[in-house]
Amino acid sequence: MTILVTGGAGFIGSNFVLDWLAADGEPVVNLDALTYAGNLHNLASLAGDARHVFVKGDIGDRALVDRLLAEHRPRAIVNFAAESHVDRSILGPGAFIKTNVEGTFTLLEAARVHLQSLDLAARESFRFLHVSTDEVYGSLPPGAPAFTEEHVYEPNSPYSASKAASDHLVRAWHHTYGLPVLTTNCSNNYGPFHFPEKLIPLVIVNALAGKPLPVYGDGQQIRDWLYVGDHCAAIRTVLARGRLGETYNVGGWNEKANIEIVKTICALLDELRPDAAGPRARLITHVKDRPGHDRRYAIDARKIERELGWRPAETFETGIRKTVQWYLDHADWVAQVQSGAYREWLDANYGARSAS
Ligand code: NAD
Ligand code: TYD
């Protein structure tokens, strides 16, 4: 038995593959295009492990996906592959449509045909798990109840619109063709191997380098934050016991304003690695806001707890401390991802945002 993981060299996908194999899961075929966000160093600890087969390729390459399904006959597909960064989707939405919409479509079509080639028992146990985001639900007013699975889809960025489109395709392939799908909609993750274009790792690496910590607008935007290991555990749970065709919201019960996150990281770094120049909070710099910036996300994760018994194991305090410590212990990983392409991204995204 094998599972096919797509996007397994990215932030969440690589954590998932490592956790899955550590928990003695079946062998993994890992299909990843190795875009700027994919990094084989994340999987270095699996070198020589025959349970991990890495394939460099695009989920939109139908011939390749067909070949992998025929060759490995996985009992499940777990789809992490995506363009995932809102700011990049604003500067260049095309890649988001290509991978998130067309790529998911290609995977669904390949899975549909593959399913027909399976015997009854294999067909009944086959699963297509699609990993999605809470951003598909749009922005919540202050005080409004958190997103349930019944919340209307109101995506506001090219990223969230492309993920919403992919969720709809997954739903339709279940209703129309009977594909055995599961969808998870998770809040903002943080933890090891997080590419430093997203808020938490960006603030950690900039603070360590004594660089400005860019806070968009007033910094009062709220996100729900979940430690990545808890997200991986939720996906394993849904894959094992989720009801077919259902969607499950996954969250940390942990709403925090961005400015609070940034100040928490500064305080932790000051404690764990004091800076002779003074407290890191001096580096906080308010910059021009993100266009169409969603004000608040909050996840109601009661369904997955009630039906499947999943709850996060980490609090924000334990998870963020582990995360900051991981970045302190992995300066080599940080240096390796800060390539020329990374510096070009910083120029493209922050060059035009003067301090406000
Ligand atoms: P990431 O950007 O770190 O990784 C994405 C991975 O997909 C990379 O390894 C990349 O090389 C690969 N990839 C991109 N295009 C591909 C293609 N066409 N074919 C094959 N591989 C391709 O993203 P992440 O943060 O790990 O997110 C993983 C999934 O989880 C995404 O679907 C994202 O929408 C979803 N999600 C992320 C978060 C979060 O906070 N990061 C929260 C909820 C849901
Ligand atoms: P991000 O990590 O990009 O995740 P998402 O946009 O998917 O929620 O951003 C998290 C929050 O942090 C979001 O409200 C935007 C904000 N932010 C900043 O204030 N400064 C930054 O440099 C970045 C990257 C994000």
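Order of listing sets the numbers, starting from 1, for every ligand and every atom in it. Keep in mind that this is a model prediction, so the values were computed, not measured. Numbers here simply count residues along the sequence, with the first being 1.
- Side-chain polar atoms of Ser166 and His130 form a donor-acceptor pair below 3.5 angstrom.
- When only interatomic distances are considered, the shortest N/O to N/O separation between Asn79 and ligand 1 does not fall below 3.5 Å.
- At a heavy-atom cutoff of 4.0 Å, ligand 2 is contacted by no atom of Thr133, backbone or side chain.
- Looking at Arg353, Arg296, His293, it is His293 that brings a heavy atom closest to atom 14 (O) of ligand 2.
- Inclusion of Asp58 in the set of residues having an N or O under 3.5 Å from an N or O of ligand 1 is warranted.
- Classification of Glu109 and Arg112 as a salt-bridged pair holds, one side-chain N sitting under 4.0 Å from a carboxylate O.
- Taking distance alone, with nitrogen or oxygen atoms compared against 3.5 Å, His194 stays at or beyond that limit from ligand 1.
- Not one N or O of Thr133 is nearer than 3.5 Å to an N or O of ligand 1, by distance alone.
- Residue contacts with ligand 1: His231 is placed with no nitrogen or oxygen under 3.5 Å of a nitrogen or oxygen of the ligand (distance criterion only).
- Around atom CZ of Arg302, no more than 12 heavy atoms belonging to other residues, nucleotides or ligands sit under 6.0 Å away.
- Among Glu135, Lys198, His85, the residue whose heavy atom lies closest to atom 5 (P) of ligand 2 is Glu135.
- Taking only non-hydrogen atoms, the option from Phe96, Phe11, Tyr159, Trp225 nearest to atom 34 (O) of ligand 1 is Tyr159.
- Considering backbone and side-chain N/O of Tyr36, none are found under 3.5 Å from N/O of ligand 1.
- Annotation: Ile59 places an N or O atom under 3.5 Å from an N or O atom of ligand 1; distance criterion only.
- Between Asp218 and Arg295, at least one side-chain nitrogen of the basic residue sits less than 4.0 Å from a carboxylate oxygen of the acidic one, meeting the salt-bridge criterion.
- An N or O contact shorter than 3.5 Å links Ala33 to ligand 1 by distance.
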Query raised in the report: Do His194 and Asn189 pass the side-chain hydrogen bond (donor to acceptor under 3.5 Å, both in side chains) test, and can you show the C-alpha distance, the side-chain angles, and the key distance before you say yes or no?
Result: CA-CA 9 Å; His194 205 181; Asn189 285 212; over 6 Å; no
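- Checked by distance only, ligand 2 and Gln221 stay at 3.5 Å or farther apart across all their nitrogen or oxygen atoms.
- Using a 4.0 angstrom heavy-atom cutoff, Tyr350 counts as in contact with ligand 2.
- Taking only nitrogen or oxygen atoms, main chain and side chain alike, Ala81 does not reach within less than 3.5 Å of ligand 1.
- Taking the charged nitrogens against the carboxylate oxygens, Lys303 and Glu150 have no contact shorter than 4.0 Å, which rules out a salt bridge.
- Considering both main-chain and side-chain atoms, Leu199 comes within under 3.5 Å of ligand 2 through a nitrogen or oxygen pair.
- For the atom pair CG (Asn42) and CZ (Phe11), the distance works out to 10.0 Å, reported to the nearest 0.5 Å.
- The atoms of ligand 2 that sit less than 4.0 Å from any heavy atom of Pro214 are 18 (C), 19 (O), 20 (N), 21 (C), 22 (O).
- Of the options Phe195, Trp225, Tyr216, Tyr159, the smallest heavy-atom separation from atom 19 (O) of ligand 2 is shown by Tyr216.
- Distances from atom 15 (N) of ligand 1 to the heavy atoms of Asn42, Thr6, Thr99, Ile12 put Thr99 nearest.
- Residue Asn39 places no N or O, backbone or side chain, under 3.5 Å from any N or O of ligand 1.
- Checked for salt-bridge contact, Lys98 and Glu83 miss the test: no charged N lies under 4.0 Å from a carboxylate O.
- For Glu314 and Lys322, the salt-bridge test passes: some basic side-chain N is under 4.0 Å from an acidic carboxylate O.
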